[in-house]
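Have a look at the structure below, then the notes.
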Amino acid sequence: MPELRTFAVCRQISTLSTINLNKTINSFIANGNLKEARKLFDQSPHLRNVVSWNSIIAGYFRYSCIQQAEYLFDEMPHRDVVSWNTMLSGYRNANNPEKVYNCFLHMNRYGGRPNELTFAVAISSFLHKDFKHLVPQLHGLVLSLGISLNVFVGSALMRVYIDLNDYKGLARVFDEILVKDVTPWNVLILGYMKFGCTSEAQRAFDMMPMRNTFTWSTLINGYIENNKLNEARSLFDKMSEKDVVSWTAMIRGYVQYGNFMEALKLFKVMLSSGARPNHFTFSTVLDACAGNSAVLVGNQVHACILKSGFPLDVVLLTSLVDMYAKCGDIDIAFCIFESIPERNLVAWNSIIGGYARHGLPERAMQEFERMVKSGIRPDEITFINLVYACGHGGLVEEGERIFNSMVTDYSLKAEMEHYACMVDLYGKAGQLEKAERLIEGMPFKPDVVVWGALLGACGLHSCLELGEIAANGIYTLENDHPAVYSVLSKIYGDKGVCSDITGLEKLMKNWRARKQKAGSWI
DNA sequence: ATAGGGTTAG
């Protein structure tokens, strides 16, 4: 039967060539040469198989040519699970959970049976999205389809349960994973820390069979989140192989607690230890410089960034803008801001905030208008900055106009901070009655900042009656706020009231007594 | 050819 043998040989040859074809396509894609890959693909209709199709589709996704990927997927004569998974993964990486969802539904209806990978991709793409609420159903589907809960599916599920604040779900999935590697353990620690269970996290850390750098930095970061900086630091010191992430996390910890000097010190230690900072580290350190008004160190860090050759992305440039603005050099801040190619909301807020802090409301407003014109929608923080700017410039009517515009033109809700800025604005301008009326009309109970703004204004204008109300307001929230005492004594002195036993004085006496009590406790 | 954890800006 010569024909049959010939056929078999031909088949073999063509299979071999298909393998070669796919290898060549993949190497083109790896080198970023999508056009060549596609050309080869188009020229070999008789050799290509489903793997060739999948490769090209994955390649399109890798270089963000989503439409081309979709087009090719629609043209496919035959799709396998990998084809579907590639689409899901592409949509996931494009941060498009909606398309993941539709594709997943489509697959279950018309395509093949999903596998572990399908679920790992789908579940992880719903993390931190509204779609996360569908994940418990996906979990059920995994179980009912008899798909094994491997480490990938399991870890992704655990992440989402943390996101859903579902402690039980987290623990259940961890138990359901039959063969665990280090990742589910790490996620368990992450979850415990998110739920504030530091001792459980520590226990998991102690009993887990293996650890990696992820484990250590998850624990360190968890302690920082849970106000246990000392524990974080002693763990960090115990770490034998510190990597960029753990260094950055620890530095960030100090910044978070306002200990900027220690943050900068640690950064120096990091550099001398030979560890290489990345853009995460640089943003964090710039934040420390900004908090410390350390423009000289900030300059050095700036130079260090330029020398390091790291690409200056929006985040890093915004950190620089913020650092220079907070260190008093608003002109350099503006120059850097202007150099940002694609300014986003945070970048705009940062420069507007800079002008606000420098008491230049006109400049702040100019940038705001430029921002709106460029198509960026302002958010709550934009308006905090703008009202704050007006407060520093004494522009009462302008501040009112902006405050109202926020609600009517941009349908944003006025939050506590906006009210605090408005109270400050009225207070600085001496319009204390307006400030008082605003507080009364607030849809929520004033916090320390609002009362503080009022109290500060009362101190400025020596208004005893209102100052008393403000002090009382603070007192009910925080009975050992040092500012209360100093501002009240100032008003008191200004008023020349010395011997009258007023409610105010009682309050102060009371407050001092309480404070001493608290002191003797230690 | 497709998969899971830790660090960044207002």
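In what follows, chains are A, B, ... by sequence order, proteins preceding strands, each numbered from 1.
The two residues Asp424(A) and Ala453(A) make their nearest non-hydrogen contact at N-CB, 4.1 Å.
Using a 4.0 Å cut-off, no side-chain N or O of Ser155(A) falls inside it from OP1 or OP2 of dG5(B). Remark: Asn26(A) is in phosphate contact with dA1(B), judged by side-chain N or O atoms under 4.0 Å from OP1 or OP2. Between Asn221(A) and dT7(B) there is a side-chain polar atom (N or O) within less than 4.0 angstrom of OP1 or OP2. Phosphate proximity of dG6(B) to Arg159(A): present, with a side-chain N or O under 4.0 Å from OP1 or OP2. Proximity of Arg92(A) to the phosphate of dG4(B): a side-chain N or O atom is located under 4.0 Å from OP1 or OP2.
Closest to the side chain of Asn85(A), from the set dG4(B), dG6(B), dT2(B), is dT2(B). Considering only the side chain of Val187(A), dG5(B) comes nearest among dG5(B), dA3(B), dG6(B). You'll find that the side chain of Thr86(A) is closest to dT2(B), out of dT2(B), dA9(B), dT7(B). Comparing atom distances between the Leu127(A) side chain and each of dG4(B), dG6(B), dG5(B) picks out dG5(B) as nearest. Each of dG4(B), dT8(B), dA1(B) was ranked by its minimum atom distance to the side chain of Asp181(A); first place goes to dG4(B). If you check dA9(B), dA1(B), dG6(B) against the side chain of Val51(A), the one that comes closest is dA1(B). Checking dG4(B), dT8(B), dA1(B) against every side-chain atom of Asp313(A), the shortest atom distance belongs to dT8(B). Listed nucleotides: dT8(B), dG5(B), dG6(B). Nearest to the side chain of Arg252(A): dT8(B). In the set dA1(B), dA3(B), dG5(B), the nucleotide with an atom closest to the side chain of Ala120(A) is dA3(B). Distances were taken from every side-chain heavy atom of Leu117(A) (C-beta onward) to each of dA9(B), dA3(B), dG6(B); the shortest belongs to dA3(B).
One can place CG of Asp243(A) at 13 Å from P of dT8(B), the figure rounded to the nearest angstrom. Distance OH (Tyr254(A)) to P (dT8(B)): 16 Å, rounded to an integer number of Å. Atom CD1 in Ile29(A) sits roughly 13 Å away from atom C1' in dT2(B) (whole-Å rounding). Following rounding to the nearest Å, Met250(A) (CE) and dT8(B) (P) show an atom-to-atom distance of 13 Å. As rounded to whole Å, 12 Å separates atom C1' of dT8(B) from atom CZ of Phe310(A). Computed from coordinates, the Asp163(A) CG to dG5(B) P distance equals 12 Å when rounded to whole Å. Atoms CD1 (Ile340(A)) and C1' (dA9(B)) sit 9 Å apart, rounded to a whole Å. Residue Leu157(A) contributes atom CG, which lies 13 Å from atom C1' of dA3(B) at whole-angstrom precision.
Residue Asn212(A) places no side-chain atom within donor-acceptor reach of the base of dG6(B), judged by atom type and a 3.5 Å distance cut-off alone. Evaluation of atom-type donor-acceptor distances gives no pair under 3.5 Å for the side chain of Thr218(A) against the base of dG6(B). At a cut-off of 3.5 angstrom, the base of dA9(B) holds at least one donor-acceptor pair with the side chain of Asn344(A).
The residues Arg38(A) and Asp42(A) are annotated as salt-bridged, a charged nitrogen and a carboxylate oxygen being separated by less than 4.0 angstrom. Between Arg370(A) and Glu338(A) there is a salt bridge, with a side-chain nitrogen of the basic residue lying less than 4.0 Å from a carboxylate oxygen of the acidic one. Between Lys265(A) and Glu262(A), at least one side-chain N (NZ, or NE/NH1/NH2) sits under 4.0 Å from a carboxylate O, which counts as a salt bridge. Checked for salt-bridge contact, Glu70(A) and Lys99(A) meet the test: a charged N lies under 4.0 Å from a carboxylate O.
Among the atoms of the strands shown, base atoms are found under 4.0 Å from some heavy atom of Leu345(A). Contact annotation for Val151(A): base contact, defined as any heavy-atom pair under 4.0 Å involving a base atom. The residue Thr118(A) sits apart from the nucleic acid: no heavy atom pair falls under 4.0 Å. Base engagement by Ser217(A) is indicated by at least one non-hydrogen atom pair under 4.0 Å involving a base atom.
Not a single salt bridge (Lys or Arg N to Asp or Glu O under 4.0 Å) links Lys194(A) to another residue, sequence neighbours left out.
Classified by its glycosidic torsion, dG5(B) falls in the syn category, the angle being within 90° of 0.
Stacking between Phe152(A) and dG4(B) is absent: the ring centroid is not both under 5.5 Å from the six-membered base ring centre and under 30° in plane angle.
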Open item on the list: Test side-chain contact (heavy atoms from CB on, under 4.5 Å) on Trp348(A) and Phe368(A); report intermediate values, then the result.
Closed with: CA-CA 8 Å; Trp348(A) 283 104; Phe368(A) 172 65; over 6 Å; no
